[in-house]
Structure formats: structure tokens, C-alpha cells
Amino acid sequence: MDFDLSDDHRLLRSTVREFAEQEIAPVAEELDRTKAFPYELVKRLGELNLMGIPFPEAVGGAGADTLAYAIVVEELARVDSSVAITLCAHTSLGTQPIYLFGNDEQKRDWLPQLTAGEKLGAFGLTEPEAGSDAGNVQTRAMLDDGDWVINGSKQFITNAGTDISGCVVITAVTDVDANGRKEISNILVPNGTPGYEQGAPYRKMGWNASDTRPLTFTDCRVPGDHMVGPRGAGFKQFLRVLDIGRIGVAAMGVGLAQGALDEALRYAKERKAFGQPISKFQAIQAKLADVATEIAAGRLLTYNAAFLKDQGRDFSLTAAQAKLKTGRLAVRASEEAVQIHGGYGYIEEYPVCRFYRDAKILTIGEGTDEVQQMVIARALGA
Ligand SMILES: Cc1cc2nc3c(=O)[nH]c(=O)nc-3n(C[C@H](O)[C@H](O)[C@H](O)COP(=O)(O)OP(=O)(O)OC[C@H]3O[C@@H](n4cnc5c(N)ncnc54)[C@H](O)[C@@H]3O)c2cc1C
């Protein structure tokens, strides 16, 4: 076993860390406070060739592996989760289905602009009646004169409503058999298609600078060849997309926890009480030690999931475990970091306050903790 990162991975990590510290950290608080989408930073991520990390160079990607992707997401989330989720949802959820299942024309039309970061991709799975029960899709797509005519709604969708949003791949019911069984397919809908509308952004607890909206489709007509992959394969496809996405979200948990620990340690060494830095108190040291240990475990699990995927091996169980572990880790680490900051931890000018708000979604999005437990228990044979 080799636990060392390659020179390429280490270089990537230091490059992205420098970028995050120099270009994201100074504006993160303002972006969060003003709930402003980080257009300039997305442009910079594109220039740094980071908006299509795991896709081949032939389609405009960086041609890197999943481990490289996890490292980048981790370094971004260490400083700002809104920027990290924008890249993460764009890559794992938005671009991935087109890369994995799209036809040649869809790949040619969309991948270069998506991987360059000129356009953002989104994935519309969740609906009012289909969250954890993602197969309970209500959105319908009917064939009419060779076109798909879509009616329905999606909710909580990331990246669909920005000025640079290019398209959304949605799940839709394309047929129902005699036994009432739904045929689910994935369909690509470009922004600007008549009948496809993005609602107002949600007022969220965190991820304030990322774009999350409800979507509605009213007699929205796209050509028949906008189906992504074979008809009826939508359920299998989105399970695959979510498996891959969990590695990215797990990396977000590791990064956020690391950022919280870094801030907590820095503060604990500066803040004095009872005549000495609070880092000298055993109660504070125990918190720092526990969180550091949990991060080490969560990072190994996340990198292992990425490694297995890069080896072409089954990674679903490990990705679910990594996502479960690191979501909880992020919540705990940010809570301890707030605690170590005392009253200042509750004040927005300290990043740990934002980290605390940003952490909670990591136990909910991309499959809740309870859904991960179901996936893991199933793999155990329970
Ligand atoms: C900021 C944000 C961004 C998002 N981005 C996207 C996106 O880009 N694309 C997208 O498609 N979706 C997105 N989502 C949706 C997200 O993936 C869902 O919210 C999540 O999967 C949970 O679904 P739900 O909200 O319907 O909760 P529900 O499924 O209603 O769950 C409610 C509670 O019941 C529990 N529960 C449900 N079923 C079971 C069960 N069988 N056993 C035990 N417990 C159960 C859940 O774990 C949860 O605790 C986003 C959500 C947010 C908040």
C-alpha cells in the first residue's frame, strides 16, 4: 500500500490551496453576506483548467483522475463551500451524465463549453415528491411529433439559474407500463428553451453564494435527440451519477472540517484566558485532537473511494461510507470550532460562523445520512 500522494497530486494541492487562500478567502465573507454568485471565481477556475478535472483532454477536460478531483474540492471547501459546491455540482452532476451517457452530438455541443467553465451544468433529480425516494419522479415527458414535451417541476437544483447556466439534465417519466411501472429517462434541456423556467433562489441556511432554485417545465419542447442515454435507463444512470457525486461531497466534508480545525487552532493559540492561550487547556486540546483524528480517518476513506473508482473497481459502498462519515465530521468540526471561538464563533466576521452554517447540508444533499446508511446496510447484506 502506498499512502503518499504523487508529485502531480501534491503540486495540484499546493496550487489550488494558494489560489483558494489568495483569491477566494478575501471575498468569501462578502459573497456569503451578499449572496452573490461567484462569477469571477468560476471564470478563474476555468482558466486554471479546474472546471472539468476528471474528463479527458480530448473533450476539454484536465484529463486528471478522481483523486485529483477530490483534492481540488477539498482545498476549495477548506476556504469556501459555496465555490466548492458550484464546481462540484457542475462537474459530478452537471457534466458527468453528458460525458458518461451522452451521444456524440451532445458531447460535441456541450462538453467543451462545460469543461472550460464558460457554461455551468446542472442535474435536476429532486422533485417535491421525489427526494430520498428519487424514483418517484412525477415530471412527465411525452413524445410529440419527434419532440419531448416536458411538464413538471424540480426543486433544490444547483447551478441552473445563473447567467452562465448552460443546461440541465433532468429525470422524467417517459412511459408507464400496464402495471403502473414508470419508465424513467434522462433528458437534456438547454437554458433558454421556452417553457423551462428557473424560480427565485431559495433563502438558505448556508451555501449562500451558490445558486439553488426550483425549476418548472410547462409544455417545454426539446428535440427527441435530447434524451441522454437509452430510453428507460434514467434510474440506473442517476444512481451512477450520485455514486460518483458522493466522492466530491465527501471531499467537501473533509475540506470544511480541515478549514474549521485550522481556524480553531489558530484562534486557540492567540486567545488568552486565565493568563494563558486557551490552546493550553486540556479541554480545548481534546477537541482539537479528536477533530484532527476524525479528519485523518475521513480523508483516507474519501481518497480510498476515489482510488477505487480510478482503478475501475466498485466504489459505491466506500463512497457512501465516505459521504456519511465526512458529512457528520464537517458538522462536528465546525461546531467545535465555533465553541473554541467562544462568543466570536457566533459572529459572522469569523469564518467558522459561516462554516457552521455551510456544514449541515453535507448530511442532507446528494443523499441524506439515512440514505447512505441504507446503501451501506444493503451492501452488508442486512
Ligand atoms: C442546497 C441544496 C442543493 C441541492 N442541489 C441539488 C441538485 O443540484 N440536484 C438535485 O437533484 N437535488 C439537489 N438537492 C436536493 C437534495 O439532494 C435532497 O434535498 C435530498 O436528497 C433529500 O431529499 P428531500 O429533501 O426530499 O428529503 P426527504 O426525502 O423528504 O427526507 C426527509 C427525511 O426523511 C428521511 N427519510 C426518507 N426516506 C427514508 C427512509 N427510507 N428511511 C429512513 N429515513 C428516510 C430522510 O433521510 C430525511 O431525514 C439539493 C438540496 C439542497 C438543500
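Both counts, for ligands and for their atoms, begin at 1 and track the order of listing. This one's a predicted model, so the numbers in the text were calculated from it and none came from an experiment.
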What residue and heavy atom of the protein are closest to atom 12 (N) of ligand 1, and at what distance?
-> T126 OG1, 2.7 Å
Identity and distance of the protein heavy atom lying nearest atom 20 (C) of ligand 1 | I364 O, 3.6 Å
Starting from atom 8 (O) of ligand 1, find the nearest protein heavy-atom neighbour and note its residue, name and distance.
-> T158 N, 3.0 Å
Of all the heavy atoms in M374, does at least one lie under 4.0 Å from an atom in ligand 1?
-> yes
Residues A319 and D243: closest non-hydrogen pair is CB-O, 3.8 Å
Of V222, T139, T171, which meets side-chain contact (heavy atoms from CB on, under 4.5 Å) against I187?
-> V222
Would a search of protein heavy atoms around atom 30 (O) of ligand 1 find one under 4.0 Å away?
-> no
Is the closest N or O pair between I157 and ligand 1 shorter than 3.5 Å?
-> no
Are any non-hydrogen side-chain atoms of L114 and F55 less than 4.5 angstrom apart?
-> no
Which residue holds the protein heavy atom closest to atom 49 (O) of ligand 1, what is that atom called, and what is the gap in Å?
-> E370 OE1, 3.5 Å
Test item: side-chain donor near acceptor, T174 and E183, under 3.5 Å | yes
In terms of side-chain geometry, is the basic nitrogen of D80 or R354 positioned less than 4.0 Å from the acidic oxygen of its partner?
-> yes
Salt bridge or not for E263 and R266, using N-O below 4.0 Å?
-> yes
Just to confirm, does any protein heavy atom lie below 4.0 Å from atom 35 (C) of ligand 1?
-> no
Backbone N/O of V137 and side chain of K182: donor-acceptor pair under 3.5 Å = yes
A student comparing F156, F123, W207 should find that the heavy atom closest to atom 1 (C) of ligand 1 comes from W207
Atom 27 (O) of ligand 1: the protein heavy-atom neighbour that sits closest, reported with distance to 0.1 Å | S132 OG, 4.2 Å
If you have a sec, work out which protein heavy atom is nearest atom 24 (P) of ligand 1 and how many Å separate them, to one decimal?
-> G131 CA, 3.9 Å
Considering only heavy atoms, which of T368, D211, I361 lies nearest to atom 47 (O) of ligand 1?
-> T368
Mark up the atoms of ligand 1 that fall under 4.0 Å of a heavy atom belonging to E366, in ascending order.
-> 17 (O)
With heavy atoms only and a cut-off of under 4.0 Å, state how T212 meets ligand 1: side chain, backbone, both or neither.
-> side chain
F307/L67 under side chain to side chain contact (heavy atoms under 4.5 Å, CB included): CA gap, chis, key distance, verdict | CA-CA 6 Å; F307 168 82; L67 180 57; over 6 Å; no
Over 60° means perpendicular and under 30° means parallel, so classify the ring planes of F156 and Y202, tilted if in between.
-> tilted
Can D290 and K287 be counted as an ion pair, charged N to O under 4.0 angstrom?
-> no
Distance flag for atom 39 (C) of ligand 1, protein heavy atom under 4.0 Å = no
